[in-house]
S.K.: 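Here's a structure for you.
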Amino acid sequence: MNKTEILAKLEPIIKTYITQPDVVLTITDDTHLLRDLKINSAHLIDIVLDVEAAFNISITDDEVEKMDTVGNSIELISKKVEAL
Amino acid sequence: MIGVDVIDRSCSFKGKSKHSFADYISKIVNNSELDFCDSWEDLDLIWAIKESAYKCYFKKDAQSFLNPKKIRITRIDKQDCRFQVEIDEYYFTGHFKLTKDFVYVISSDKDDFALNVELFFLDDYTDAVYIQPEFNQQGSRYMFHPLGFPQAIQQSEAIYAYSRSHHGKYYFSAISITPYN
(Lines give C-alpha, C1' and ligand atoms only; values in the text may rest on other atoms or scores of the structure.)
Protein backbone atom coordinates (compact mmCIF):
# COMPACT_ATOMS: atom_id res chain seq x y z
CA MET A 1 0.00 0.00 0.00
CA ASN A 2 1.62 3.28 -1.07
CA LYS A 3 1.44 6.69 0.56
CA THR A 4 -1.37 7.93 -1.70
CA GLU A 5 -3.51 4.91 -0.92
CA ILE A 6 -2.92 5.31 2.80
CA LEU A 7 -3.78 8.99 2.68
CA ALA A 8 -6.97 8.21 0.75
CA LYS A 9 -8.14 6.05 3.66
CA LEU A 10 -6.68 8.20 6.43
CA GLU A 11 -7.98 11.60 5.33
CA PRO A 12 -11.71 10.85 5.75
CA ILE A 13 -11.02 9.35 9.16
CA ILE A 14 -9.25 12.50 10.29
CA LYS A 15 -11.84 14.84 8.79
CA THR A 16 -14.59 13.10 10.75
CA TYR A 17 -13.17 14.64 13.91
CA ILE A 18 -12.57 18.20 12.71
CA THR A 19 -15.21 20.22 14.48
CA GLN A 20 -13.81 23.75 14.50
CA PRO A 21 -15.38 25.82 11.70
CA ASP A 22 -12.27 27.94 11.08
CA VAL A 23 -9.95 25.04 10.25
CA VAL A 24 -8.38 24.97 6.80
CA LEU A 25 -9.14 21.56 5.40
CA THR A 26 -6.06 21.31 3.18
CA ILE A 27 -4.07 18.42 4.59
CA THR A 28 -0.34 17.98 3.95
CA ASP A 29 2.36 15.81 5.51
CA ASP A 30 3.22 18.59 7.93
CA THR A 31 -0.34 19.12 9.13
CA HIS A 32 -0.41 18.70 12.91
CA LEU A 33 -3.57 17.02 14.16
CA LEU A 34 -3.87 19.09 17.33
CA ARG A 35 -2.36 22.44 16.39
CA ASP A 36 -3.46 22.77 12.76
CA LEU A 37 -6.69 20.80 12.63
CA LYS A 38 -7.63 21.63 16.24
CA ILE A 39 -8.83 18.11 16.81
CA ASN A 40 -9.97 17.52 20.36
CA SER A 41 -7.38 15.39 22.13
CA ALA A 42 -9.99 12.78 23.07
CA HIS A 43 -10.71 12.38 19.37
CA LEU A 44 -7.09 11.40 18.79
CA ILE A 45 -7.99 8.18 20.57
CA ASP A 46 -10.89 7.76 18.15
CA ILE A 47 -8.56 8.30 15.21
CA VAL A 48 -6.14 5.67 16.49
CA LEU A 49 -9.00 3.18 16.97
CA ASP A 50 -10.42 3.99 13.53
CA VAL A 51 -7.00 3.59 11.90
CA GLU A 52 -6.52 0.22 13.56
CA ALA A 53 -9.85 -0.95 12.21
CA ALA A 54 -9.44 0.53 8.72
CA PHE A 55 -5.94 -0.86 8.12
CA ASN A 56 -6.30 -4.00 10.23
CA ILE A 57 -3.23 -3.09 12.28
CA SER A 58 -2.46 -2.68 15.97
CA ILE A 59 -0.85 0.52 17.24
CA THR A 60 1.09 0.22 20.48
CA ASP A 61 0.93 2.76 23.29
CA ASP A 62 4.36 4.15 22.43
CA GLU A 63 3.45 4.44 18.77
CA VAL A 64 0.38 6.54 19.55
CA GLU A 65 2.53 9.58 20.23
CA LYS A 66 4.16 9.29 16.80
CA MET A 67 0.81 10.09 15.20
CA ASP A 68 1.19 13.82 15.71
CA THR A 69 1.28 14.89 12.06
CA VAL A 70 -0.38 13.45 8.97
CA GLY A 71 3.02 12.55 7.48
CA ASN A 72 4.17 10.73 10.62
CA SER A 73 0.85 8.90 10.79
CA ILE A 74 1.21 7.74 7.19
CA GLU A 75 4.77 6.59 7.86
CA LEU A 76 3.68 4.58 10.90
CA ILE A 77 0.73 3.03 9.08
CA SER A 78 2.93 2.19 6.10
CA LYS A 79 5.42 0.31 8.30
CA LYS A 80 2.62 -1.52 10.06
CA VAL A 81 0.90 -2.53 6.82
CA GLU A 82 4.17 -3.72 5.29
CA ALA A 83 4.77 -5.91 8.32
CA LEU A 84 1.46 -7.71 7.94
CA MET B 1 1.75 25.40 37.31
CA ILE B 2 -1.89 24.50 37.16
CA GLY B 3 -3.85 22.69 34.50
CA VAL B 4 -7.59 22.26 34.22
CA ASP B 5 -9.94 20.20 32.12
CA VAL B 6 -13.70 20.12 31.77
CA ILE B 7 -15.82 17.48 30.06
CA ASP B 8 -19.38 17.97 28.94
CA ARG B 9 -20.66 14.49 29.71
CA SER B 10 -23.44 14.76 27.14
CA CYS B 11 -20.76 14.47 24.44
CA SER B 12 -18.06 12.46 26.18
CA PHE B 13 -16.86 8.92 25.48
CA LYS B 14 -20.18 7.25 26.25
CA GLY B 15 -21.90 9.33 23.59
CA LYS B 16 -19.70 7.79 20.93
CA SER B 17 -21.31 4.50 20.04
CA LYS B 18 -18.62 3.74 17.48
CA HIS B 19 -16.07 2.37 19.94
CA SER B 20 -16.56 0.17 22.95
CA PHE B 21 -15.70 0.80 26.57
CA ALA B 22 -13.00 -1.86 26.26
CA ASP B 23 -11.54 -0.09 23.18
CA TYR B 24 -11.12 3.16 25.09
CA ILE B 25 -9.76 1.40 28.16
CA SER B 26 -7.10 -0.26 26.03
CA LYS B 27 -5.80 3.09 24.78
CA ILE B 28 -6.24 5.28 27.86
CA VAL B 29 -6.05 3.29 31.07
CA ASN B 30 -2.93 1.62 32.48
CA ASN B 31 -3.25 -1.76 34.17
CA SER B 32 -2.44 -0.12 37.49
CA GLU B 33 -5.42 2.22 36.99
CA LEU B 34 -8.02 -0.43 36.22
CA ASP B 35 -9.29 -0.39 39.80
CA PHE B 36 -10.31 3.24 39.23
CA CYS B 37 -12.24 2.52 36.03
CA ASP B 38 -15.44 0.50 36.25
CA SER B 39 -17.81 2.71 34.28
CA TRP B 40 -18.13 5.38 31.59
CA GLU B 41 -18.31 7.92 34.40
CA ASP B 42 -14.95 6.70 35.71
CA LEU B 43 -13.50 6.90 32.21
CA ASP B 44 -14.59 10.53 31.88
CA LEU B 45 -12.96 11.31 35.21
CA ILE B 46 -9.72 9.51 34.31
CA TRP B 47 -9.51 11.28 30.99
CA ALA B 48 -10.09 14.68 32.59
CA ILE B 49 -7.45 13.98 35.25
CA LYS B 50 -4.93 12.99 32.59
CA GLU B 51 -5.73 16.02 30.45
CA SER B 52 -5.33 18.45 33.34
CA ALA B 53 -2.07 16.83 34.49
CA TYR B 54 -0.81 16.87 30.91
CA LYS B 55 -1.33 20.63 30.84
CA CYS B 56 0.77 21.00 34.00
CA TYR B 57 3.46 18.78 32.57
CA PHE B 58 3.46 20.58 29.26
CA LYS B 59 4.17 23.85 31.03
CA LYS B 60 6.98 22.25 33.03
CA ASP B 61 8.61 20.42 30.15
CA ALA B 62 8.03 21.73 26.67
CA GLN B 63 8.22 18.26 25.12
CA SER B 64 4.77 17.41 23.90
CA PHE B 65 3.40 13.92 23.72
CA LEU B 66 0.02 12.40 23.05
CA ASN B 67 0.21 9.07 24.83
CA PRO B 68 -2.32 9.03 27.71
CA LYS B 69 -0.72 5.92 29.16
CA LYS B 70 2.41 7.88 30.02
CA ILE B 71 0.28 9.73 32.52
CA ARG B 72 -0.11 7.46 35.52
CA ILE B 73 -2.80 8.06 38.09
CA THR B 74 -1.51 6.76 41.41
CA ARG B 75 -4.48 7.69 43.59
CA ILE B 76 -8.12 8.70 43.25
CA ASP B 77 -10.12 9.42 46.39
CA LYS B 78 -13.77 9.84 45.44
CA GLN B 79 -14.75 10.85 48.97
CA ASP B 80 -12.40 13.82 49.07
CA CYS B 81 -12.44 14.29 45.29
CA ARG B 82 -8.68 14.34 45.18
CA PHE B 83 -6.04 12.49 43.17
CA GLN B 84 -2.33 12.15 42.45
CA VAL B 85 -0.66 11.72 39.06
CA GLU B 86 2.89 10.91 37.95
CA ILE B 87 4.41 11.81 34.60
CA ASP B 88 8.09 11.08 34.00
CA GLU B 89 8.79 11.41 37.75
CA TYR B 90 6.94 14.71 38.02
CA TYR B 91 4.08 14.51 40.51
CA PHE B 92 0.86 16.48 40.38
CA THR B 93 -2.07 16.54 42.74
CA GLY B 94 -5.49 18.05 42.46
CA HIS B 95 -9.19 17.86 42.98
CA PHE B 96 -12.25 17.31 40.85
CA LYS B 97 -16.00 17.63 40.71
CA LEU B 98 -17.99 14.93 38.98
CA THR B 99 -21.71 15.22 38.24
CA LYS B 100 -24.08 13.58 35.77
CA ASP B 101 -23.65 16.63 33.51
CA PHE B 102 -19.97 17.51 33.74
CA VAL B 103 -16.63 16.74 35.29
CA TYR B 104 -13.96 19.30 35.97
CA VAL B 105 -10.45 18.73 37.25
CA ILE B 106 -7.69 20.97 38.55
CA SER B 107 -4.11 19.68 38.69
CA SER B 108 -1.14 21.52 40.15
CA ASP B 109 2.42 20.96 41.27
CA LYS B 110 1.82 22.46 44.70
CA ASP B 111 -0.90 22.55 47.29
CA ASP B 112 -0.31 25.76 49.18
CA PHE B 113 -2.02 28.36 47.06
CA ALA B 114 -5.53 29.68 46.58
CA LEU B 115 -7.46 29.51 43.36
CA ASN B 116 -10.40 31.31 41.90
CA VAL B 117 -12.29 28.68 39.94
CA GLU B 118 -15.25 29.37 37.70
CA LEU B 119 -17.54 27.27 35.56
CA PHE B 120 -19.82 28.52 32.81
CA PHE B 121 -22.56 26.85 30.85
CA LEU B 122 -22.44 28.23 27.33
CA ASP B 123 -25.75 28.75 25.59
CA ASP B 124 -23.73 29.42 22.48
CA TYR B 125 -20.28 30.83 21.89
CA THR B 126 -21.21 34.36 22.82
CA ASP B 127 -23.56 33.95 25.77
CA ALA B 128 -22.40 32.35 28.99
CA VAL B 129 -24.35 31.51 32.09
CA TYR B 130 -22.32 31.67 35.24
CA ILE B 131 -22.81 28.48 37.20
CA GLN B 132 -20.69 28.62 40.30
CA PRO B 133 -17.70 30.18 41.94
CA GLU B 134 -15.82 27.53 43.89
CA PHE B 135 -12.59 27.32 45.86
CA ASN B 136 -12.56 31.08 46.03
CA GLN B 137 -10.92 30.99 49.39
CA GLN B 138 -10.71 34.71 49.98
CA GLY B 139 -14.19 35.52 48.88
CA SER B 140 -13.08 37.81 46.08
CA ARG B 141 -14.16 37.65 42.46
CA TYR B 142 -12.27 38.52 39.33
CA MET B 143 -14.15 40.03 36.46
CA PHE B 144 -13.90 37.30 33.86
CA HIS B 145 -14.72 37.61 30.27
CA PRO B 146 -16.09 34.12 29.68
CA LEU B 147 -13.62 33.30 26.95
CA GLY B 148 -10.69 35.48 27.94
CA PHE B 149 -8.32 36.56 30.66
CA PRO B 150 -9.64 38.38 33.71
CA GLN B 151 -9.25 42.11 33.57
CA ALA B 152 -7.37 42.17 36.88
CA ILE B 153 -4.72 39.87 35.47
CA GLN B 154 -4.34 41.75 32.22
CA GLN B 155 -3.43 44.86 34.21
CA SER B 156 -0.89 43.12 36.43
CA GLU B 157 2.79 42.48 35.83
CA ALA B 158 2.89 39.63 38.34
CA ILE B 159 2.95 36.01 37.22
CA TYR B 160 -0.24 34.14 37.92
CA ALA B 161 -1.01 30.51 37.29
CA TYR B 162 -3.87 30.23 34.86
CA SER B 163 -5.53 27.48 32.90
CA ARG B 164 -8.78 27.13 31.04
CA SER B 165 -10.73 24.45 29.24
CA HIS B 166 -13.74 24.27 26.98
CA HIS B 167 -15.74 21.21 25.97
CA GLY B 168 -19.23 21.03 24.60
CA LYS B 169 -21.40 23.47 26.51
CA TYR B 170 -18.97 24.05 29.38
CA TYR B 171 -16.19 26.54 29.90
CA PHE B 172 -13.99 26.23 32.96
CA SER B 173 -11.12 28.32 34.25
CA ALA B 174 -8.86 28.52 37.27
CA ILE B 175 -6.46 31.23 38.30
CA SER B 176 -4.28 31.70 41.35
CA ILE B 177 -5.52 34.68 43.33
CA THR B 178 -1.99 35.52 44.39
CA PRO B 179 1.11 35.50 42.21
CA TYR B 180 2.32 31.93 41.68
CA ASN B 181 6.07 31.43 41.90
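Heavy atoms only: backbone and side chains are in, while hydrogens, waters and symmetry mates are out. Throughout, a chain's letter reflects where its sequence line sits, starting with A, and its residues are numbered from 1.
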S.K.: Are the side chains of Tyr54(B) and Ser41(A) in contact, using a 4.5 Å heavy-atom criterion?
M.R.: no
S.K.: If you count heavy atoms of other groups shown closer than 6.0 angstrom to NZ of Lys15(A), is the number above 12?
M.R.: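 Yes, because the 6.0 Å sphere around NZ of Lys15(A) holds more than 12 heavy atoms from other groups.
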S.K.: Examine whether an atom of Ile28(B) lies under 4.5 Å from a heavy atom of chain A, and if so say whether it belongs to the side chain, the backbone or both; otherwise answer neither.
M.R.: side chain
S.K.: Is any side-chain N of the basic residue among Asp62(A) and Lys69(B) closer than 4.0 Å to the acidic one's carboxylate O?
M.R.: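 Looking at Asp62(A) and Lys69(B), the cut-off is not met.
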S.K.: What are the two closest heavy atoms between Ile45(A) and Pro68(B), and how far apart are they?
M.R.: CD1-CG, 3.8 Å
S.K.: Is it the backbone or the side chain of Glu52(A) that comes under 4.5 Å from a heavy atom of chain B, or both, or neither?
M.R.: side chain
S.K.: Working note: Asp50(A) + His19(B), criterion side chain to side chain contact (heavy atoms under 4.5 Å, CB included); need CA distance, chi angles, decisive distance, verdict.
M.R.: CA-CA 9 Å; Asp50(A) 285 354; His19(B) 301 300; 2.8 Å; yes
S.K.: Minimum heavy-atom separation for His167(B) and Asn40(A), please, with both atom names.
M.R.: CD2-ND2, 3.6 Å
S.K.: So does Asp61(A) get a backbone contact from the side chain of Asn67(B), meaning a donor-acceptor N/O pair under 3.5 Å?
M.R.: yes
S.K.: Take atom NZ in Lys79(A); do more than 12 heavy atoms of anything else shown fall under 6.0 Å from it?
M.R.: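 12 or below, so no.
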S.K.: Any side-chain heavy-atom pair from Lys18(B) and Asp46(A) closer than 4.5 angstrom?
M.R.: no
